[in-house]
Structure formats: C-alpha cells, structure tokens
Amino acid sequence: MGHTEAKKGRTQEPPEPGVVQVRPAAERSVNLDDWSDEELMLAFQDDNDDAYLVLVGRYKDRLMNFVYRFVGDMDDAKDILQETFLRVYIKKDLYKTIAKFSTWVYTIAGNLAKSELRRRSRRGKISLTQRGGKNKDEDYQIPLPDLGPLPDRRTDASMKYERVQQALLQLPPAFREAVIMRDIQELAYEEISAILDLPIGTVKSRINRGRNQLQALLKDIYD
Amino acid sequence: MIDDHHIDPQAPDSEEEFARLRKLLRSLPEVPAPENFEQELQRRIQEVKEARTPWWKGLFSGERIFFRIPPIAYGAAATVAVVFIGYYIITSRNVLEPPPAPSPPPTEQTIPSPVESPSEEGRENREGKSSPTLLPEKNVTSGYEKKPEKENNLRMERGIAPAAEPLTPERLLEKTTEEPAYLFRSRGAYDIEMEDSLAQIDSLVSPDSLQNTRVPRQIKSKKKLPPDK
C-alpha cells in the first residue's frame with residue numbers, strides 16, 4: 001500500500017518537462033477505459049490485471065500491424081506480439097512513468113522484431129521477396145497455399161498492397177522500422193526518437209533515405 | 001551499419017516531397033491481431049507463472065490450504081526458527097562443558113559415632129582440648145583432598161592410628177550390609193573409645209594413690225642402693 005501511496009504522492013508533485021502526468025486515483029473514473037495508458041500501467045503494477053487487459057486491448061492491433069509490416073510474416077508477427085505483451089506482464093515493475101507507455105511497448109516490440117530478423121538471417125530463412133538464393137540447401141520459407149482469390153480475380157488494390165509490403169521488406173531494417181513508425185503508425189518524430197534511442201536528426205535522415213529507396217522500388221506504381 | 005552522418009540531420013522534412021508515397025503507405029490495410037489473442041496470451045502467462053513458481057511455494061498456495069498466507073507470516077516464521085535454533089545451539093554448548101565438581105562426601109566427623117563415650121569430659125581434660133575432632137577443621141571440609149603425611153605422623157606420635165578413609169554414604173552402606181556391627185566402627189573411633197576408657201580410669205583413681213605409686217619410682221630413680229659387697 002505504501003508503494004501505491006508513494007506513486008500517488010509522486011503524481012501530485014508539479015510536473016516536470018518530459019514526465020508523463022498521471023492523475024491521482026481519486027480523480028480517476030471507475031471505468032478503466034477512461035484512464036490513460038500510464039494510469040493503467042500504474043494500476044497494473046498494483047496487481048490490477050483488468051488494467052493490463054485494457055492495455056492489451058488498446059495496443060494489440062497497432063502493434064500487430066507494426067510488427068507484421070516489419071517482419072513480413074503473420075505467424076512470426078503473432079509470436080512477437082504475444083512475447084511483447086508477455087514481457088509487459090513479467091517486467092511490469094521495470095516501467096517508470098518518466099516515459100510514455102506507448103514508447104516502452106513499441107521499444108519492446110521493435111527489439112523483439114529485430115531479434116527475430118537476426119535469428120532468421122542466421123538460419124538462412126529468407127522471405128518470399130528474397131528467395132532465389134545461391135545455395136539450394138538453404139532453409140527456404142515454404143510458401144503456404146494461397147486460399148485467397150485467384151490471381152486473375154484479385155483486385156488491383158490487393159496486388160498493390162502486396163507490392164508495397166514486398167518493397168518495404170526490401171528496405172534495410174533500420175530504414176524500414178523508421179518509415180513504418182512514421183508513415184504507417186504515424187508516430188511523432190520525438191516518440192520515434194525515444195523508441196529507437198536515437199537523435200531526432202538521425203531519425204529524420206533514416207526516414208528520408210527509406211522513403212527514397214521505397215519510392216524507387218515502387219516507381220511503376222506511381223507511373 | 002547505417003551511415004547517417006553524411007546526411008544533414010537538420011534537413012527539412014521531406015513529407016511534402018513524398019506525399020504520394022505517404023498516402024500509399026497510409027492506405028495499407030490494417031492487420032489486426034488474431035481473435036483469440038487474449039485467450040492465448042492468458043494461457044502463456046499462466047504457463048510462465050507456473051514455470052516460475054518454485055515447488056515449495058506451491059505447498060502453501062491458496063489452492064491447497066484455501067486461504068492466502070500473508071507474506072509477513074513467512075518472515076515471522078523464519079525469525080522464530082532462527083531464534084529457536086540459536087537458543088538450541090547456545091544451550092547445547094553449555095551441556096558440553098565439564099560438570100561442576102561434586103559436593104564433598106561426608107567425613108567421619110559428620111557421621112555420629114555409634115558408641116557415645118561416657119567420659120568425653122575426661123578425655124578433654126586429659127588432652128587439654130575442647131574440640132572433640134581428631135582432624136583440624138580445614139581438613140575435614142575437603143573430602144577429595146589428599147591428607148598430608150604430617151598429619152598421619154602426628155597421629156602416630158600420639159599413639160592414634162592413621163586417619164581412616166572418609167566415610168561416604170556408599171561406603172557406609174557397604175559396611176552396614178557386609179561387615180558385623182563391631183567392625184562398623186573405624187579404627188580411629190575404636191582408639192578414641194580406648195582413650196576415653198583410660199581417661200575414665202584415671203578419673204576414678206585418686207591423685208593420692210597416683211602419688212603413692214610414683215613415690216617408689218622416684219625413690220628408685222633417685223636413690224640407688226649400692227650393691228652389696
């Protein structure tokens with residue numbers, strides 16, 4: 001209880017720049033959906049598992065979209081998403097309110113996604129867009145049967161989206177991550193900088209270079 | 001490695017330049033999480049919880065004993081155990097120490113003589129002592145101390161037998177069960193009785209008669225008749 005009171009007392013202090021503000025418990029409504037991410041996380045640190053489930057509901061789709069665009073594989077994306085929220089659950093006490101919860105959870109997901117890419121490169125597992133390697137003994141990713149509409153019946157839009165996804169996967173991971181965060185997830189530069197732990201200028205330059213490469217890859221779509 | 005240094009980090013944002021690309025990226029369909037994501041996540045969390053819980057903690061879990069033990073109870077139990085074990089160790093060390101010396105067994109003085117001499121006063125008068133003890137008091141108290149030879153020599157000069165062995169209750173029991181009653185008295189006690197008897201005889205004899213008996217002796221010693229020629 002003392003821990004909770006300390007947290008409450010901390011929230012009543014004058015806000016400092018860069019510190020996430022959390023309302024005192026008395027000012028929060030009963031409905032957890034009205035709580036901010038950080039308030040939910042503090043409640044979760046006090047063993048309120050309902051708060052954790054609300055956070056999962058808020059971020060599962062956003063993170064799934066981010067991870068899938070980053071790794072390009074649905075199964076891997078599911079596993080990474082599971083692992084992300086599992087780590088949030090286990091490492092909940094490591095979260096401090098000096099950072100936004102979204103920054104923290106995106107950092108976890110991004111690190112897990114990069115680890116998966118490294119593991120995949122060590123195994124020689126190549127994505128569909130990178131197939132055709134020189135070594136035939138490589139552990140190629142076996143294509144799953146396509147249960148969707150036949151290619152001639154596919155809409156132009158779906159084909160276009162597939163092309164864009166393939167182009168994204170051809171970008172270097174550092175550029176890809178930055179472009180996805182900025183242009184698909186629509187995160188602010190400051191937040192991307194905090195997630196990647198890089199200066200804002202570096203983030204901007206990576207985004208620009210990623211866009212340049214992506215535009216070159218998708219030139220036929222524009223024309 | 002990504003080389004970011006040759007690009008000016010202060011370069012203006014190129015979002016207008018890539019407006020079409022950005023629009024295309026934003027138009028990508030959202031990829032939602034699977035429908036059973038929460039259930040799968042709960043299952044994995046439960047697995048991790050069970051895997052991380054030590055077996056001994058499961059013994060006291062609420063599922064088995066139907067109530068939750070407060071964490072302070074574990075600390076209190078541990079403290080009590082430490083105190084109890086510490087106390088046991090300290091007390092067991094005391095037990096290992098050598099036991100104190102046993103109390104001295106009763107000596108011959110403490111045991112009343114079975115035959116009370118009727119002429120106690122006479123014996124005292126003869127010896128010129130008021131104490132009925134044979135040994136000095138300091139020697140009587142320590143039963144384990146070896147008696148000095150001087151004392152025995154003194155007793156021999158007086159015509160008294162050497163001091164008998166200290167009579168312990170065990171020894172007394174042996175004597176009463178194995179030896180006849182007249183042997184129950186130690187040699188020292190027997191001698192005392194004899195001396196007391198002599199003193200009684202002395203008291204009965206008048207001093208005049210003693211003088212009479214001595215006169216011839218004195219005469220004999222002082223006056224020697226010359227041998228007859």
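When reading the values below, keep in mind they use all heavy atoms of this one structure, side chains included, and skip hydrogens, waters and symmetry mates. Chain letters run A, B, ... following the sequence lines, proteins first and then strands; every chain starts at 1. Here the structure is a predicted model, which means the values were calculated and not measured.
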- Message: Within a 6.0 Å radius of atom CG on A:Asp33, are there more than 12 heavy atoms belonging to other residues, nucleotides or ligands?
- Response: yes
- Query: A:Leu81 and B:Ala33: which non-hydrogen atoms are nearest, and at how many Å?
  - Reply: CD2-CB, 3.9 Å
- Query: With side chains defined as the heavy atoms from C-beta onward, is the minimum distance between A:Tyr52 and B:Ile45 less than 4.5 Å?
  - Reply: yes
- More than 12 foreign heavy atoms under 6.0 Å from CD of B:Gln39: is that the case here? yes
Run the side-chain donor-acceptor check on residues 62-71 of chain A: report pairs under 3.5 Å with partners two or more places apart or on a different chain.
{"from": "A:Asn65", "atom 1": "OD1", "to": "B:Val31", "atom 2": "N", "distance (Å)": "3.3"}
{"from": "A:Asn65", "atom 1": "ND2", "to": "B:Glu30", "atom 2": "OE1", "distance (Å)": "3.4"}
{"from": "A:Arg69", "atom 1": "NH1", "to": "A:Gln165", "atom 2": "OE1", "distance (Å)": "2.8"}
{"from": "A:Arg69", "atom 1": "NH2", "to": "B:Pro29", "atom 2": "O", "distance (Å)": "2.7"}

- Please examine the side chains of A:Ile184 and B:Arg26, heavy atoms only from C-beta on, and report whether any two atoms are closer than 4.5 Å. no
- Message: Looking at every heavy atom in both B:Lys49 and A:Asp49, which two are closest together, and how far apart are they?
- Response: NZ-OD2, 4.5 Å
- Query: Taking NZ, NE, NH1 and NH2 as the nitrogens, is one of them in A:Glu83 or B:Arg44 under 4.0 Å from a carboxylate oxygen of the other?
  - Reply: yes
- Message: When you compare the side chain of B:Phe18 with that of A:Asn212, does any pair of heavy atoms fall below 4.5 Å?
- Response: yes
- Message: With rounding to the nearest 0.5 angstrom, report the CG to CZ distance, B:Leu24 to A:Arg163.
- Response: 10.5 Å
- Residue part contacting chain B, namely of A:Phe85, when any heavy atom lies under 4.5 Å: both
- Item | Non-hydrogen side-chain atoms of A:Gln82 and B:Phe37 separated by less than 4.5 Å | yes
- Message: Taking side chain to side chain donor-acceptor pair (under 3.5 Å) as the definition, give me every residue that meets it alongside A:Lys114, ordered by chain and number, with sequence neighbours left out.
- Response: A:Glu177
- Query: Could you go step by step and tell me if A:Ile180 and B:Leu25 meet the side-chain contact (heavy atoms from CB on, under 4.5 Å) rule?
  - Reply: CA-CA 8 Å; A:Ile180 291 170; B:Leu25 290 172; over 6 Å; no
- Query: Above 12 or not: heavy atoms from other molecules or residues under 6.0 Å from CG of A:Leu94?
  - Reply: yes
- Approximate separation, where rounding is to 0.5 Å, of B:Leu21 CG and A:Asp183 CG: 6.5 Å
- Message: Is there a side-chain contact between B:Leu41 and A:Lys60 in this structure, where contact means two heavy atoms from C-beta onward sitting under 4.5 Å apart?
- Response: no
- Residue pair A:Arg211 / B:Arg22, side-chain heavy-atom distance below 4.5 Å: yes
